[in-house]
Amino acid sequence: MEVAIRKNRLQLTVGDITKQKVNCIVNAANGTLYGGGGVDGAIHLAAGPKLLEACKLIRKEQLKGELLPTGEAVITEGYDLPAKFVIHTVGPIWDGKEVERKKQLLANCYRNSLALAKENEIRSIAFPSISTGAYRFPIEMAAEIALNEIIQFLKREPFGNVSMTLFSERDYEVYKQTLDKLIEKD
Ligand code: ADP
């Protein structure tokens, strides 16, 4: 599915984000930036060991040894990936508590990643469904937050292409229905 927003495009696709031919892919990382399971593990595996080195350097220099806070984003090169850049962001862990705060933190992931992409003159970016795997965020809620943030951004900024790369048909259907609803409201 694809929609035009001003001169930009928003696409929903099913696929493996590590194979996407875009300027930049987004990693649903954890605060350590040392890799992990799910999409994070897949991205590190495909990018090669230089990605971990770059992440370690960011932890040491940019973050002064601290964890990357939830909702924030940092950028590295893509190394062996088809994508030139990787933006690493940390989604909130869902536990059913502090729902409004968690929703805001998830929105921050998309907003900060898009702002960082723009700063780096990136014209095409692919997001995975942040927080809806191991972090257990309800996907219906996550889809609405993700798509709302992307749509608001694309209404404001001349950017290019934003894609949500979903890992299953089921996830795709949820995002598609949510996007249909959001467009209808407009
Ligand atoms: P989180 O910890 O933020 O929940 P996960 O990696 O566990 O991150 O899951 C986030 C989403 O990424 C899930 O929908 C999962 O199915 C999906 N995913 C896992 N591997 C890939 C991949 N290679 N490409 C795209 N999406 C992926």
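We're numbering straight along the sequence, starting at 1.
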Does [X] belong to the same Ile/Leu/Val/Met/Phe/Trp/Tyr cluster as [Y], with side-chain heavy atoms less than 4.5 Å apart forming each link?
X: Leu182; Y: Tyr172; answer: yes
X: Leu63; Y: Leu52; answer: no
X: Ile130; Y: Val162; answer: yes
X: Leu33; Y: Tyr135; answer: no
X: Ile43; Y: Ile125; answer: no

Determine the minimum heavy-atom distance between [X] and [Y], stating which atoms define it.
X: Asn120; Y: Leu116; result: ND2-O, 2.8 Å
X: Asn8; Y: Glu157; result: ND2-O, 2.9 Å
X: Gly78; Y: Ala47; result: O-CB, 3.6 Å
X: Asn30; Y: Val90; result: C-CG2, 3.7 Å
X: Leu81; Y: Val86; result: CD1-CG2, 3.5 Å
X: Thr89; Y: Leu68; result: CA-CD2, 4.4 Å

Can you tell me how far [atom2] of [Y] sits from [atom1] of [X], rounded to the nearest 0.5 angstrom?
X: Leu51; Y: Asn27; atom1: CG; atom2: CG; answer: 7.5 Å
X: Asn108; Y: Ile145; atom1: CG; atom2: CD1; answer: 10.5 Å
X: Glu72; Y: Leu105; atom1: CD; atom2: CG; answer: 9.0 Å
X: Glu149; Y: Ser113; atom1: CD; atom2: OG; answer: 10.5 Å
X: Ile17; Y: Ser163; atom1: CD1; atom2: OG; answer: 7.0 Å
X: Ile151; Y: Ile183; atom1: CD1; atom2: CD1; answer: 6.5 Å

Is the closest side-chain heavy-atom distance between [X] and [Y] below 4.5 Å?
X: Trp94; Y: Leu106; answer: no
X: Gln104; Y: Arg111; answer: yes
X: Thr32; Y: Arg59; answer: yes
X: Leu179; Y: Met164; answer: no
X: Pro92; Y: Phe137; answer: yes
X: Asn148; Y: Glu144; answer: yes
X: Met1; Y: Tyr175; answer: no
X: Leu166; Y: Thr13; answer: no

Checklist entry - Should Thr178 and Glu140 be marked as a side chain to side chain contact (heavy atoms under 4.5 Å, CB included) after you check the CA-CA gap, both sets of side-chain angles, and the distance that decides it? => result CA-CA 8 Å; Thr178 307; Glu140 288 77 11; 5.8 Å; no
Item to check | Stepwise salt bridge (charged side-chain N to carboxylate O under 4.0 Å, His left out) test for Glu100 and Lys103 | outcome: CA-CA 5 Å; Glu100 285 313 311; Lys103 286 166 85 170; 3.8 Å; yes
Checklist entry - Does Asn23 use its side chain to pair, donor to acceptor, with the backbone of Phe85 at less than 3.5 Å? => result no
Checklist entry - Are the side chain of Lys102 and the backbone N or O of Ile93 linked by a donor-acceptor pair below 3.5 Å? => result yes
Next on the checklist: Go through it in stages, so that I can follow the logic: the residues are Leu147 and Leu10, the test is side chain to side chain contact (heavy atoms under 4.5 Å, CB included), and I'd like the CA-CA distance, side-chain angles, deciding distance and then a yes or no.
Outcome noted: CA-CA 9 Å; Leu147 294 169; Leu10 167 56; 4.2 Å; yes
Checklist entry - For Lys118, does the NZ atom have more than 12 heavy-atom neighbours from other residues, nucleotides or ligands under 6.0 Å away? => result yes
Checklist entry - So does Glu66 have more than 12 non-hydrogen atoms from other groups sitting under 6.0 Å from CD? => result no
Item to check | Verdict with reasoning, Ile75 to Ile122, per side chain to side chain contact (heavy atoms under 4.5 Å, CB included) | outcome: CA-CA 11 Å; Ile75 189 165; Ile122 286 161; 3.9 Å; yes
Checklist entry - Less than 4.0 Å between a side-chain N and a carboxylate O, is that true for Glu173 and Arg170? => result no
Checklist entry - Could you walk me through whether Thr18 and Leu45 pass the side chain to side chain contact (heavy atoms under 4.5 Å, CB included) check? => result CA-CA 9 Å; Thr18 66; Leu45 192 66; over 6 Å; no
Checklist entry - For the residue pair Phe159 and Phe153, does the interplanar ring angle fall in the parallel (under 30°), tilted (30 to 60°) or perpendicular (over 60°) class? => result perpendicular
